[in-house]
Amino acid sequence: MTLLKDKINYSKLPCHVAVIMDGNGRWARERGSHRIFGHQNGVKAVKETVEGAGELGIKYLTLYAFSKENWLRPHEEIEALMNLMVSTINSETETLIKNNVRLMVIGDMQNLPGYIVEKLNKVIERTCENSGLTLIIALSYGARWEIAQAARRISGDVVSGKLKAEEIDEATFSGYLLTRGIPDPELLIRTSGEFRLSNFLLWQLAYTEMIFSKTLWPDFRKEHLYKAIIDFQERERRFGKTSEQLKCD
Ligand code: IPE
Ligand code: IPE
Ligand code: MG
């Protein structure tokens with residue numbers, strides 16, 4: 001029997017994979033447990049995905065961990081998620097370092113409790129020279145907020161004379177986003193059978209291949225990642241051209 005992993009074409013790996021980790025609450029409900037139990041079990045899936053992406057040689061992995069809209073959830077759930085964040089950073093930092101992972105965070109840090117930002121900054125600093133997988137955690141992240149704050153900073157630079165209005169093009173604009181310097185995701189995976197973006201990377205996903213899986217996030221394992229990559233590799237990415245044109249390129 002061929003293993004799923006052996007079907008991956010390593011010369012066609014997506015450089016950047018983004019994941020909307022969804023379905024923790026439903027996973028817990030199926031077991032008659034509280035939503036927080038689902039979040040706790042989602043950590044295992046995070047570890048598997050980070051490890052799996054690193055082993056394959058994927059360069060960038062962005063995980064949507066907490067959206068700006070998630071601040072609307074019940075206070076106890078938010079608190080539990082923040083505590084889980086801290087305990088996961090504590091338990092996983094050495095593994096990240098050992099595995100040559102570089103940590104980055106995108107999102108509105110001003111909304112996060114100071115102790116979490118401090119903790120994250122320490123790990124970001126300790127791993128900034130690592131040359132393996134870049135793990136980007138989207139935390140208190142919202143794409144419309146990100147785009148609006150980019151527009152605000154651009155207009156500030158135009159007013160101060162640092163930038164000319166006619167210099168604003170797609171590349172300049174990208175440079176004002178939090179993902180500056182990071183290639184756009186080639187593959188997006190959303191778990192739990194929902195077909196929406198929920199305010200995730202709206203600019204960066206313009207030409208991304210999307211895979212929607214029914215698997216609830218706590219059940220997501222390396223094999224699910226491999227399967228998504230294999231499906232991605234079977235697609236023809238046309239970027240506006242015709243299929244015939246691509247064959248001549
Ligand atoms: C994803 O799972 C985790 C976060 C959004 C933090 P959910 O908590 O959204 O789980 P469902 O969608 O309610 O099942
Ligand atoms: C999106 O999931 C955010 C994260 C996975 C962190 P949600 O569960 O919050 O999305 P909606 O509200 O169902 O669109
Ligand atoms: Mg959800």
Side-chain angles (χ1 to χ4, degrees), residues 4-5 7-22 45-67 92 96 99-107 120 123-124 127-147 150 170-191 196-213 215 217 220-240:
L4 209 47
K5 199 177 177 185
K7 291 190 184 160
I8 294 175
N9 176 351
Y10 285 84
S11 66
K12 272 178 67 180
L13 273 183
C15 172
H16 184 174
V17 177
V19 187
I20 302 177
M21 311 185 286
D22 198 12
V46 172
K47 286 194 224 168
E48 284 255 333
T49 309
V50 174
E51 206 179 278
E55 285 164 358
L56 289 176
I58 287 168
K59 284 283 161 215
Y60 298 91
L61 174 69
T62 300
L63 300 179
Y64 203 6
F66 193 85
S67 72
E92 296 311 308
L96 292 182
N99 291 343
N100 199 19
V101 175
R102 174 168 71 134
L103 183 75
M104 283 179 66
V105 177
I106 54 170
L120 283 167
V123 186
I124 291 169
T127 61
C128 69
E129 302 282 329
N130 287 353
S131 56
L133 173 76
T134 297
L135 170 63
I136 304 153
I137 307 290
L139 200 53
S140 187
Y141 174 86
R144 287 185 169 181
W145 164 81
E146 180 190 29
I147 292 169
E170 292 175 24
T172 320
F173 199 93
S174 295
Y176 280 82
L177 296 170
L178 297 171
T179 50
R180 179 182 52 248
I182 297 167
D184 289 340
E186 289 176 283
L187 168 61
L188 169 80
I189 303 167
R190 183 172 188 146
T191 57
R196 56 177 171 267
L197 293 179
S198 303
N199 204 10
F200 188 44
L201 299 174
L202 296 181
W203 171 282
Q204 298 86 342
L205 295 176
Y207 252 110
T208 303
E209 294 297 330
M210 301 187 187
I211 292 196
F212 296 96
S213 155
T215 307
W217 180 250
F220 197 86
R221 293 293 176 266
K222 286 180 189 175
E223 282 66 29
H224 297 93
L225 175 69
Y226 302 154
K227 177 75 174 64
I229 291 171
I230 293 161
D231 289 352
F232 163 84
Q233 292 182 333
E234 282 167 0
R235 294 190 186 176
E236 181 180 62
R237 305 189 73 202
R238 291 194 281 276
F239 298 101

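This is a predicted model, so every value here is computed, not measured.
- From Met104, atom CE reaches atom OG1 of Thr134 across 7.0 Å, with rounding to the nearest 0.5 Å.
- Side-chain atoms of Asn199 come within 3.5 Å of backbone atoms of Arg144 as a donor-acceptor pair (strictly under, hydrogens ignored).
- Rounding to the nearest 0.5 Å gives a distance of 7.0 Å between OG1 of Thr49 and CG of Leu61.
- Lys222 places no side-chain N or O within 3.5 Å of a backbone atom of Gly52 that could act as its donor or acceptor partner.
- A side-chain donor-acceptor contact under 3.5 Å links Asn100 and Ser131.
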Would Trp203 and Ser174 satisfy side-chain contact (heavy atoms from CB on, under 4.5 Å), going step by step from the backbone distance to the final call? CA-CA 8 Å; Trp203 171 282; Ser174 295; 3.1 Å; yes
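- Contact annotation: the side chain of Glu146 approaches that of Thr179 to within less than 4.5 Å [non-hydrogen atoms, C-beta and beyond].
- Summarising the geometry of Ala53 relative to Leu225, their closest heavy-atom pair is N-CD2, 3.6 Å, with the distance given to 0.1 Å.
- Among all heavy-atom pairs drawn from Thr127 and Leu103, the shortest one is OG1-N, 3.0 Å.
- Under the 4.5 Å side-chain criterion, counting only non-hydrogen atoms from C-beta, Lys5 is in contact with Glu55.
- Phe200 is listed as a side-chain neighbour of Leu188, based on a closest heavy-atom distance under 4.5 Å.
- When atom types are taken as modelled, the side chain of Thr191 and the backbone of Asp22 share a donor-acceptor pair closer than 3.5 angstrom.
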Begin from the C-alpha positions of Ile182 and Thr62 and carry the test side-chain contact (heavy atoms from CB on, under 4.5 Å) through to its verdict. CA-CA 10 Å; Ile182 297 167; Thr62 300; 5.7 Å; no
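- Between Thr208 and Leu201, every side-chain heavy-atom pair lies at or beyond the 4.5 Å cut-off.
- Taking 4.5 Å as the limit, every side-chain heavy atom of Leu133 sits out of range of all side-chain heavy atoms of Asn99.
- Between atom CG of residue Leu187 and atom CE of residue Met210 there is a gap of 10.0 Å, rounded to the nearest 0.5 Å.
- Within 6.0 Å of the CZ atom in Arg235, the count of heavy atoms belonging to other residues, nucleotides or ligands exceeds 12.
- Rounded to the nearest 0.5 angstrom, His224 NE2 and Ile229 CD1 are separated by 13.5 Å.
- A perpendicular orientation is assigned to the rings of Tyr141 and Tyr64, their planes being inclined by more than 60° (bins at 30° and 60°).
- Scanning all heavy atoms of the two residues, the minimum distance from Arg196 to Phe212 falls at N-CE2, 4.1 Å.
- Summarising the geometry of Arg180 relative to Gly175, their closest heavy-atom pair is CD-O, 3.1 Å, with the distance given to 0.1 Å.
- No donor-acceptor pair under 3.5 Å is formed between the side chain of Asn130 and the backbone N or O of Arg102.
- Using a cut-off of 4.0 Å between Lys/Arg side-chain N and Asp/Glu carboxylate O, Arg238 and Glu236 are scored as salt-bridged.
- Between Phe232 and Ile211, the shortest heavy-atom contact is N-CD1, 3.9 Å.
- The backbone N or O of Tyr207 sits less than 3.5 Å from a side-chain atom of Arg237, completing a donor-acceptor pair.
- Remark: Glu48 pairs with Lys44 by the salt bridge (charged side-chain N to carboxylate O under 4.0 Å, His left out) rule, at least two apart or across chains.
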Starting from the C-alpha separation in whole Å, work towards a yes-or-no answer on side-chain contact (heavy atoms from CB on, under 4.5 Å) for Leu139 and Leu120. CA-CA 11 Å; Leu139 200 53; Leu120 283 167; 3.6 Å; yes
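- Using a cut-off of 4.0 Å between Lys/Arg side-chain N and Asp/Glu carboxylate O, Asp231 and Lys227 are scored as salt-bridged.
- Side-chain atoms of Leu13 and Glu186, non-hydrogen and from C-beta on, never get closer than 4.5 Å to each other.
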Please evaluate residues Asp184 and Leu205 with respect to the criterion side-chain contact (heavy atoms from CB on, under 4.5 Å), reporting the C-alpha separation (whole Å), side-chain torsions for both, the decisive distance (0.1 Å), and the verdict. CA-CA 7 Å; Asp184 289 340; Leu205 295 176; over 6 Å; no
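- The minimum heavy-atom distance linking Pro14 with Ile58 is given by the pair O-CG1, 3.8 Å.
- Checking side-chain atoms of Glu92 against main-chain N and O of Lys47 turns up no donor-acceptor pair under 3.5 Å.
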